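In this text the structure is predicted, and so the values were computed from the model without any measurement.
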Amino acid sequence: MNKLVVLCSANTTLRQVDFDDNVTPLYEAIGNSEWDKATSLINSHDAATWVVRYERDAQGNKLAPARIQWRFLPIHSACALNPPASFVRKLLNAYQDGPRTLDDQGLLPLHYACGARCI
């Protein structure tokens, strides 16, 4: 009997940026489904950068201690938005561990792709 072994990572040592303060141009283009622009912005540094949104108070200040609302790599968010296959391939080439990396909820990019029905 063949076994499928999936190695997943919850790598938290990658660079992180705050969604509200200094989101990467790549992530912003993905969020706007600007696929041509996002494709031109792909690089290994930003493809491996966590984008984190923190919970904030009514005045917009981060709560102390900081509490994460969500944390995604670009591949997680892109898969939720039904991107072109060519974009996904280029993003995967830029950060090959992305598909095996769990977000803060323990989900893989594949989970988002299934939810978006883009596989």
Side-chain angles (χ1 to χ4, degrees):
M1 180 161 87
N2 294 333
K3 288 186 179 181
L4 175 63
V5 178
V6 179
L7 300 175
C8 300
S9 169
N11 189 340
T12 57
T13 61
L14 300 174
R15 181 177 89 126
Q16 289 191 155
V17 296
D18 187 320
F19 177 81
D20 294 303
D21 293 337
N22 61 338
V23 69
T24 65
L26 170 61
Y27 195 88
E28 186 172 30
I30 291 169
N32 292 327
S33 297
E34 296 173 338
W35 302 117
D36 290 338
K37 181 178 181 180
T39 299
S40 72
L41 294 169
I42 293 174
N43 62 72
S44 59
H45 184 72
D46 287 351
T49 297
W50 287 110
V51 177
V52 182
R53 186 161 226 181
Y54 296 96
E55 292 184 13
R56 297 182 181 265
D57 64 21
Q59 289 75 39
N61 301 308
K62 283 186 209 175
L63 299 176
R67 293 190 301 219
I68 293 174
Q69 190 174 3
W70 51 258
R71 184 181 71 169
F72 300 127
L73 288 173
I75 190 66
H76 289 91
S77 292
C79 284
L81 297 171
N82 200 11
S86 60
F87 174 81
V88 174
R89 276 192 296 277
K90 189 167 181 183
L91 192 57
L92 295 178
N93 285 333
Y95 182 54
Q96 295 179 358
D97 285 341
R100 296 185 295 274
T101 304
L102 301 169
D103 69 6
D104 65 299
Q105 300 297 309
L107 299 176
L108 297 168
L110 180 61
H111 294 114
Y112 294 98
C114 290
R117 298 176 187 224
C118 66
I119 58 171

Colleague: Please determine if R67 and D104 form a salt bridge, counting it only when a charged side-chain N lies under 4.0 Å from a carboxylate O.
Modeller: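 No.
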Colleague: How far apart are the C-alpha atoms of Q16 and T49, what are their side-chain angles, what is the distance that settles it, and do they pass the side chain to side chain contact (heavy atoms under 4.5 Å, CB included) test?
Modeller: CA-CA 6 Å; Q16 289 191 155; T49 297; 6.0 Å; no
Colleague: With Y54, which residues qualify under ring-ring contact (aromatic ring centres under 6.0 Å, His included), at least two apart?
Modeller: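 Not a single residue meets the ring-ring contact (aromatic ring centres under 6.0 Å, His included) criterion with Y54.
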Colleague: In plain terms, say whether D18 and K62 are close enough for a salt bridge, that is, a side-chain N and a carboxylate O under 4.0 Å apart.
Modeller: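 Here D18 pairs with K62 in a salt bridge, since their nearest N and O are under 4.0 Å apart.
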Colleague: Does any part of the side chain of L107, heavy atoms only, come nearer than 4.5 Å to the side chain of Y112, both counted from C-beta?
Modeller: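 A side-chain contact exists here, since the closest heavy-atom pair is under 4.5 Å.
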Colleague: Measuring from atom CG of L81 to atom CD1 of I30, what distance do you get when rounded to the nearest 0.5 angstrom?
Modeller: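 Rounded to the nearest 0.5 Å, the CG-CD1 separation comes out at 8.5 Å.
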Colleague: How would you list, by chain and number, every residue that makes a ring-ring contact (aromatic ring centres under 6.0 Å, His included) with Y27, sequence neighbours excluded?
Modeller: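 Once residues adjacent in sequence are excluded, Y27 has no partner under the ring-ring contact (aromatic ring centres under 6.0 Å, His included) criterion.
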Colleague: Report yes if some heavy atom in the side chain of L63 is under 4.5 Å from a heavy atom in the side chain of R56; otherwise report no.
Modeller: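 No, every pair of side-chain atoms sits at 4.5 Å or beyond.
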Colleague: Please assess V52 against V17 for the test side chain to side chain contact (heavy atoms under 4.5 Å, CB included), listing each intermediate value before the final yes or no.
Modeller: CA-CA 6 Å; V52 182; V17 296; over 6 Å; no
Colleague: Are there more than 12 heavy atoms of other residues, nucleotides or ligands under 6.0 Å from atom CG of D36?
Modeller: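 Incorrect, the count does not exceed 12.
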Colleague: Should V51 and W70 be marked as a side chain to side chain contact (heavy atoms under 4.5 Å, CB included) after you check the CA-CA gap, both sets of side-chain angles, and the distance that decides it?
Modeller: CA-CA 8 Å; V51 177; W70 51 258; 4.1 Å; yes
Colleague: Would you compute the distance between atom OG1 of T101 and atom CZ of F72 and round it to the nearest 0.5 angstrom?
Modeller: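 Separation between the atoms: 13.5 Å.
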Colleague: Is it true that a side-chain atom of H76 and a backbone atom of G98 form a donor plus acceptor pair closer than 3.5 Å?
Modeller: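 Pair absent, no side-chain N/O of H76 close to backbone of G98.
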Colleague: Can any side-chain N or O of N32 pair as donor or acceptor with the backbone N or O of E34 at less than 3.5 Å?
Modeller: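 Pair absent, no side-chain N/O of N32 close to backbone of E34.
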Colleague: Show me the donor-acceptor pairs, under 3.5 Å and distance only, between side chains in residues 38-47 and residues at least two apart or in other chains.
Modeller:
residue: T39; atom: OG1; partner: W35; partner atom: O; Å: 2.7
residue: S40; atom: OG; partner: K37; partner atom: O; Å: 2.7
residue: N43; atom: OD1; partner: H45; partner atom: N; Å: 3.0
residue: N43; atom: OD1; partner: D46; partner atom: N; Å: 2.7
residue: N43; atom: ND2; partner: L41; partner atom: O; Å: 3.2
residue: N43; atom: ND2; partner: D46; partner atom: OD2; Å: 3.4
residue: H45; atom: NE2; partner: R15; partner atom: NE; Å: 3.1
residue: D46; atom: OD1; partner: R15; partner atom: NH2; Å: 3.2

Colleague: First locate atom CG of L91, then atom OG of S86, and finally report the distance between them rounded to the nearest 0.5 Å.
Modeller: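 Those atoms lie 11.0 Å apart.
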Colleague: Applying a strict under-4.5 Å side-chain criterion to I, L, V, M, F, W and Y, I'd like to know whether I68 and L73 cluster together.
Modeller: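 Result: yes, single cluster for both.
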